[in-house]
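Shown next, in structure tokens, is the structure this report addresses.
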Amino acid sequence: MINLTIPKKIRAYIPQDLEIKWDTISPILDELLNRTISSVTELEHWLKDKSELEAALEEDFAWRYIKMTCDTANEELVSSFQYFATEIEPKISPIGNLLNIKLVESPFIDELDQDKYFVYIRGIRKALEIYRDENIELFTKIQITAQKYQAASGAMTVLINDQEYTLVQAANLIKDVSRTVRQNAWELIQQRRLVDKDNLNIIFDELTAMRHQVALNAGFENFRDYSFQSRGRFDYSVKDCYDFHAAIENEIVPILKEQAEKRAEALGLEVLKPWDTDVDVSGKPALKPFGSGEELIDKSIAAFTAIDPKLGQMLAIMKANNLFDVESRKGKAPGGYNYPLAETGAPFIFMNSAGSMRDLTTMVHEGGHAVHTFLTADLELNDFKHCPSEVAELASMSMELISMDQWHIYFENEEDLIRAKREQLIDVLKTLPWVAVIDQFQHWIYTNYPHNAADREEAFKQIYTTFGSGFANWEGLDQEFGNLWQKQLHVFELPFYYIEYGIAQLGAIAVWKNYKENPEKAIQQYLDALALGYTKPMNEIYETAGIKFDFSSSYIRELASFVKDELDKLG
């Protein structure tokens, strides 16, 4: 019998039953700050005690965030989240900075194992460089303001044939074989988004103003340059991002244009409109890989078990401990995420499933993140688990592709299975131009401050056009076209968190290429890389996975060719 219980972590430093309030954690922070450290052994012990407190704080915040996103209309849950954001986090920040100073000024820091602590100390030194007391209040205001986007998006619904749908649920109808049905659904979704357009622009103007001030306070010309430092981008530069954009335009866009032409021909259309880009060209109804949310979870456990029994057990543990919320419903925040529970060592998966093919890929994507969480749970310091997104998304995007060998679990019909794989591979390619659009758009936003909503919309349209505009004809849809960026929550909530998806997508293709050649070796390399957490530089983690950290034009061409060949094999 497999044990599906999660053992309770025994705390060595902070009280086992510590309630997270300022008056309970303040004395602990003071003790850490004032403790005398007389040897490298005591310094390492201090680091572990500090890590234990940080994990407890992170998990407390995690649950407040999870519960709030599961029900954005619940004022009590929103208040609980805001309490941490306004009453605890701002008070921790200056002490956290002092603790960092205590570490780097310790005479014993050079006696620490430099191989073990290099990445961690590098990050601490960078955090100290850009820290400013005056930004604490701004970060709190930014967090509270960004939450307004979640509330607004979670409240969006449309009425179709007298039935209320969330936008995620309504999006399934855009895959309907009837062009009238899918056009109607697409138009209603866009019209609903346009209702909140001005409100969301006001929210975004507030966010950009505050972020710009954060950058100025820290001595930067703009928030883009600040973000590259605050996100710890030690391994690539702004120029590398622009080179990535150009490579995508030159190597990926032509392939997708060719695919779009084939799609139009198969559908018997002279031009594709935005509501024609997701319907299956076979004329068959949209793929339905599962019925209920529970079925999605169970099938995913089976698929992960078939890849490696240890992986299936990880998801089974999550199910047994109610660590999933997967069904779409009104009042739930948009999107999907895997939230690591720092103390528990397991994650929580949140998503908005509506029975679609996209939900399958979201589940295996977040499942890849979940595997990463489990594999890093026992790393010595909490900070060792804080992987850069380029590594975190490698975990999730690789699993999307690796899991395809087990998709017969979701599709009993061979024809549906082939359709699903084709759809996934085309989506892999489609991800790259959209990543380039959102990344380049964010470069524009923060290096062209101040600007107004009209300027922003025009910039988005120009950038999106460069990357194929979704390979559809937008004539007569100017308002909808210019407002598309508002659906991307990262722009509101996680600025500059998007290029990572492109870098990781390339890495994932390379992992999958290895997997096709030698499954056992590739899986072991993948797991070994994830188990490192962030104890090694990014390029070394990629090398451990058996792949290159490279997004040059020639490498992108090689990987794109591989995907195109796999598409051709599917017919």
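By convention here, the first residue in the shown sequence is residue 1.
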Close side-chain approach of I438 and I499, heavy atoms under 4.5 Å | no
CG of L57 to CD1 of I25, rounded to nearest 0.5 Å, is 5.0 Å
Applied to residues 41-50, the salt bridge (Lys or Arg N to Asp or Glu O under 4.0 Å) test, sequence neighbours excluded, yields R35-D49, E44-K116, K48-E380, K50-E54
task = Please test E164 against T157 for side-chain hydrogen bond (donor to acceptor under 3.5 Å, both in side chains), starting from the C-alpha separation and ending with a verdict.
result = CA-CA 6 Å; E164 187 178 32; T157 62; 2.9 Å; yes
Checklist line | CD/E76: more than 12 non-hydrogen atoms of other groups inside 6.0 Å | finding: no
Looking at side-chain heavy atoms only, is the closest gap between L53 and L32 below 4.5 Å? yes
Output for pair (K102 NZ, I37 CD1), nearest 0.5 Å, gives 4.5 Å
By side chain to side chain donor-acceptor pair (under 3.5 Å), S300 pairs with (sequence neighbours left out) Y410
Listed pairs under 3.5 Å, donor-acceptor, residues 527-536 side chains, sequence neighbours left out:
from: D528; atom 1: OD1; to: Q524; atom 2: NE2; distance (Å): 2.9
from: Y534; atom 1: OH; to: R122; atom 2: NH2; distance (Å): 3.0
from: T535; atom 1: OG1; to: L532; atom 2: O; distance (Å): 2.7
from: K536; atom 1: NZ; to: D115; atom 2: OD1; distance (Å): 3.0
from: K536; atom 1: NZ; to: D115; atom 2: OD2; distance (Å): 3.0

Does atom CD of E412 have more than 12 heavy-atom neighbours from other groups under 6.0 Å away?
no
In terms of heavy-atom contacts, Y526 and A395 come closest through OH-O, 2.6 Å
Value for CG (L315) from CD1 (I349), rounded to nearest 0.5 Å, stands at 6.0 Å
**Prompt:** Does NZ belonging to K91 count more than 12 external heavy atoms closer than 6.0 Å?
**Reply:** yes
Item to check | From CA spacing to verdict: salt bridge (charged side-chain N to carboxylate O under 4.0 Å, His left out), R358, D278 | outcome: CA-CA 11 Å; R358 179 56 63 94; D278 287 329; 5.7 Å; no
(message) Would you say that V391 contacts H372 through its side chain, given a criterion of any heavy-atom pair below 4.5 Å between the two side chains?
(response) yes
Check: Is there a donor-acceptor pair closer than 3.5 Å between any side-chain N or O of N321 and the backbone N or O of I317?
Finding: yes
Residue set satisfying salt bridge (Lys or Arg N to Asp or Glu O under 4.0 Å) with D113, at least two apart, ordered chain then number -> none
With distance as the sole criterion, is a donor-acceptor pair present between the side chains of E393 and H365 under 3.5 Å?
yes
Sorted by chain and residue number, the side chain to side chain donor-acceptor pair (under 3.5 Å) partners of K175 (sequence neighbours excluded) come out as E423
Exercise. Evaluate the side-chain hydrogen bond (donor to acceptor under 3.5 Å, both in side chains) criterion for residues N338 and T373: first the C-alpha distance (whole Å), next the side-chain angles of each, then the deciding distance (0.1 Å), finally the verdict.
Key: CA-CA 9 Å; N338 171 88; T373 301; 3.2 Å; yes
For Q147, the side chain to side chain donor-acceptor pair (under 3.5 Å) test, sequence neighbours excluded, returns none
Here the ring-ring contact (aromatic ring centres under 6.0 Å, His included) pairs for residues 30-61, sequence neighbours left out, are F61-F81, F61-F84
TODO: Look at the rings of F384 and Y117 and say which category their plane angle falls in: under 30° parallel, 30 to 60° tilted, over 60° perpendicular.
DONE: tilted
Rounded to the nearest 0.5 angstrom, the CD1-CG distance for I95 and D30 is 6.0 Å
Does E52 reach the main-chain N or O of Y13 with its side chain, forming a donor-acceptor pair under 3.5 Å?
-> yes
- Between E500 and Y498, is there a donor-acceptor pair closer than 3.5 Å when you use the side chain of the first and the backbone of the second? yes
**Asked** Do side-chain atoms of K126 reach the backbone of F234 as a donor and acceptor pair under 3.5 angstrom?
**Response** no
Please check this pair: side chain of E19 against backbone of D17, looking for a donor-acceptor N/O pair closer than 3.5 Å. no
Parallel, tilted or perpendicular: rings of F551 and Y236 (30°, 60°):
perpendicular
Here the salt bridge (Lys or Arg N to Asp or Glu O under 4.0 Å) pairs for residues 363-379, sequence neighbours left out, are none
**Prompt:** Given the rule in the side-chain hydrogen bond (donor to acceptor under 3.5 Å, both in side chains) test, do D359 and S356 qualify, once you have shown the distances and angles that lead to the verdict?
**Reply:** CA-CA 5 Å; D359 299 328; S356 72; 3.1 Å; yes
Looking at E295 and G291, would you say the former's side chain and the latter's main chain have a donor-acceptor pair under 3.5 Å? yes
| said: Donor-acceptor check, side chain of S153 to backbone of Q150, threshold 3.5 angstrom: yes or no? | reply: no
For K319, the side chain to side chain contact (heavy atoms under 4.5 Å, CB included) test, sequence neighbours excluded, returns E294, I297, D298, I301, F324
- Using atom types as modelled and distance alone, determine if a side-chain donor or acceptor of Q169 lies under 3.5 Å from a backbone N or O of T166. yes
Sorted by chain and number, sequence neighbours left out, side chain to side chain donor-acceptor pair (under 3.5 Å) with D71 holds for none
In this structure, CD of Q424 is separated from CH2 of W407 (nearest 0.5 Å) by 4.0 Å
In short, C387 meets A392 closest at the heavy-atom pair CB-N, 4.4 Å
Can E517 and K513 be counted as an ion pair, charged N to O under 4.0 angstrom? yes
For E543, the salt bridge (Lys or Arg N to Asp or Glu O under 4.0 Å) test, sequence neighbours excluded, returns none
Residues passing the salt bridge (Lys or Arg N to Asp or Glu O under 4.0 Å) test with K421, sequence neighbours excluded, are none
- Does a side-chain N-to-carboxylate-O contact under 4.0 Å join R11 and E343? yes
Query raised in the report: Backbone N or O of L77 within a donor-acceptor pair of the S80 side chain at under 3.5 Å?
Result: no
Exercise. Between F562 and W512, does the ring centroid distance fall short of 6.0 Å?
Worked result: yes
Heavy-atom check, side chain of T344 versus side chain of L323, under 4.5 Å:
no
Requested in this report: For residues I307 and S403, determine if any side-chain heavy atom of one lies less than 4.5 Å from a side-chain heavy atom of the other.
Outcome: yes
Here the gap from N382 atom CG to L47 atom CG, rounded to the nearest 0.5 Å, amounts to 12.0 Å
Taking the side chain as every heavy atom from C-beta outward, state whether Y131 and I101 have any pair of such atoms under 4.5 Å apart. no
**Asked** Would you call the rings of Y337 and F350 parallel, tilted or perpendicular if under 30° counts as parallel and over 60° as perpendicular?
**Response** parallel
Q. Below 4.5 Å, heavy atoms only, C-beta onward: do S353 and T362 meet side chain to side chain?
A. no
Worksheet entry | Backbone N/O of I523 and side chain of Y515: donor-acceptor pair under 3.5 Å | no
(Q) Is it true that Q488 and W434 share a donor-acceptor pair across their side chains at a distance under 3.5 Å? (A) yes
- Message: Could you check whether any side-chain heavy atom of E390 comes within less than 4.5 Å of a side-chain heavy atom of Y542, counting everything from C-beta outward?
- Response: yes
